[in-house]
Amino acid sequence: MRTITHVLFDMDGLLLDTEKFYSVVQEKILSGYGKSFTWSLKAKMMGKRAAEAAEIFVHDSGLEGILSPRDFLTQREAMLEVMFPESQLLPGVERLVGYFQSQGIPMAIATSSHKRNFDLKTINHKELISRMHHVVVGDDPDVKLGKPAPDIFLVAASRFPDPKPRPENVLVFEDAPTGVEAAQNAGMSVVMVPDPNLDKSLCDRADIVLETLEDFDPSTFGMPPFIKN
Ligand SMILES: O=P(O)(O)OC[C@H](O)CO
Ligand SMILES: [Mg+2]
């Protein structure tokens with residue numbers, strides 16, 4: 001069994017309940033073209049950086065030549081920016097972050113969200129962010145390729161103080177197939193907490209798949225149990 005010495009959290013859909021905002025807005029934009037937003041399209045977009053997600057949205061929706069990826073993002077961001085400050089923590093986040101902190105396990109966030117949106121989403125979650133050693137965002141200059149490339153997780157692991165973790169000693173928590181793939185490409189262990197609407201065939205790569213972070217059992221990775229309150 002691998003010894004876990006460091007933890008990396010994805011953010012959207014894993015720490016914060018923000019994927020629903022993306023879905024509502026993308027459904028609204030598509031409805032303007034008489035089209036419906038589907039979970040199969042959502043599954044391809046989630047976890048990806050904005051520009052890559054926009055290309056997928058326009059292509060797969062058959063809107064090439066009708067709606068440019070840039071105009072899609074302009075419309076999407078205008079609607080999302082008023083929603084993001086309302087972001088709520090997902091179940092189990094506070095207990096899990098508190099546990100890793102009590103165990104002295106350093107944590108960081110590795111999110112495809114750009115810095116501007118990260119700031120909007122976390123404006124009311126300063127305490128959570130303060131418990132992270134650092135945050136790597138999607139537009140970080142050191143992150144050359146977005147998820148499913150391993151870049152963002154490798155960059156996040158490299159920013160911990162010495163002794164820096166080897167990938168095999170890092171545990172990643174993710175909600176998206178793209179993010180799970182990125183963690184595995186980085187050589188890290190990964191716990192997936194997928195949205196229940198996500199096609200189950202897209203949830204079979206992770207080391208562990210949970211319905212909620214509340215179901216995480218530290219002993220699965222050789223760590224002490226949660227202390228019963
Ligand atoms: O925090 P991430 O990596 O799940 O990023 C989320 C994307 O920007 C939207 O799915
Ligand atoms: Mg996510």
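In what follows, residues are counted from 1 in the order of the sequence shown. Order of listing sets the numbers, starting from 1, for every ligand and every atom in it. FYI, side chains are in, hydrogens and waters are out, and symmetry mates aren't considered; it's all heavy atoms of this structure.
Contacts between Thr111 and ligand 1, counted as non-hydrogen atom pairs separated by less than 4.0 Å, involve both the backbone and the side chain. Counting heavy atoms closer than 4.0 Å to ligand 1, residue Glu19 contributes side-chain atoms (C-beta onward) but none from N, CA, C or O.
Residues passing the salt bridge (Lys or Arg N to Asp or Glu O under 4.0 Å) test with Arg131, sequence neighbours excluded: Glu127. In this view, Pro141 satisfies the side-chain contact (heavy atoms from CB on, under 4.5 Å) rule with no residue, not counting sequence neighbours. Take Asp204 and apply the side chain to side chain donor-acceptor pair (under 3.5 Å) test, not counting sequence neighbours, and it matches no residue.
At a 4.0 Å cut-off, not a single heavy atom of Arg49 sits close enough to ligand 1 to count as contact. Close to ligand 1: Lys48, with a non-hydrogen atom less than 4.0 angstrom away.
For the 3.5 Å distance criterion, the side chains of Asp10 and Thr111 fail to qualify, holding no donor opposite an acceptor.
Taking 2.8 Å as the limit, the number of protein N, O or S atoms around the Mg ion (ligand 2) is 3.
Summary of contacts: the protein heavy atom closest to atom 4 (O) of ligand 1 is Asp10 OD1, 2.7 Å.
At least one side-chain heavy atom of Asn117 sits under 4.5 Å from a side-chain heavy atom of Phe84.
Lys147 and Glu174 are joined by a salt bridge, as a carboxylate oxygen and a charged side-chain nitrogen come within less than 4.0 angstrom of each other. Using a 4.0 Å cut-off between a side-chain N of Lys or Arg and a carboxylate O of Asp or Glu, Asp17 and Lys20 qualify as a salt bridge.
A donor-acceptor contact shorter than 3.5 Å links the side chain of Lys48 to the backbone of Lys44. For Gln103 (side chain) and Ile105 (main-chain N/O), no donor-acceptor pair under 3.5 Å exists by modelled atom type.
The distance from ligand 1 to the heavy atoms of Met11 drops below 4.0 Å at these ligand atoms: 1 (O).
In terms of polar-atom proximity, defined here as any N/O pair under 3.5 Å, Gly47 does make such a contact with ligand 1. The shortest N or O to N or O distance between Ser112 and ligand 1 is below 3.5 Å.
Aromatic rings from Tyr22 and Phe37 are positioned such that their centres are separated by 6.0 Å or more.
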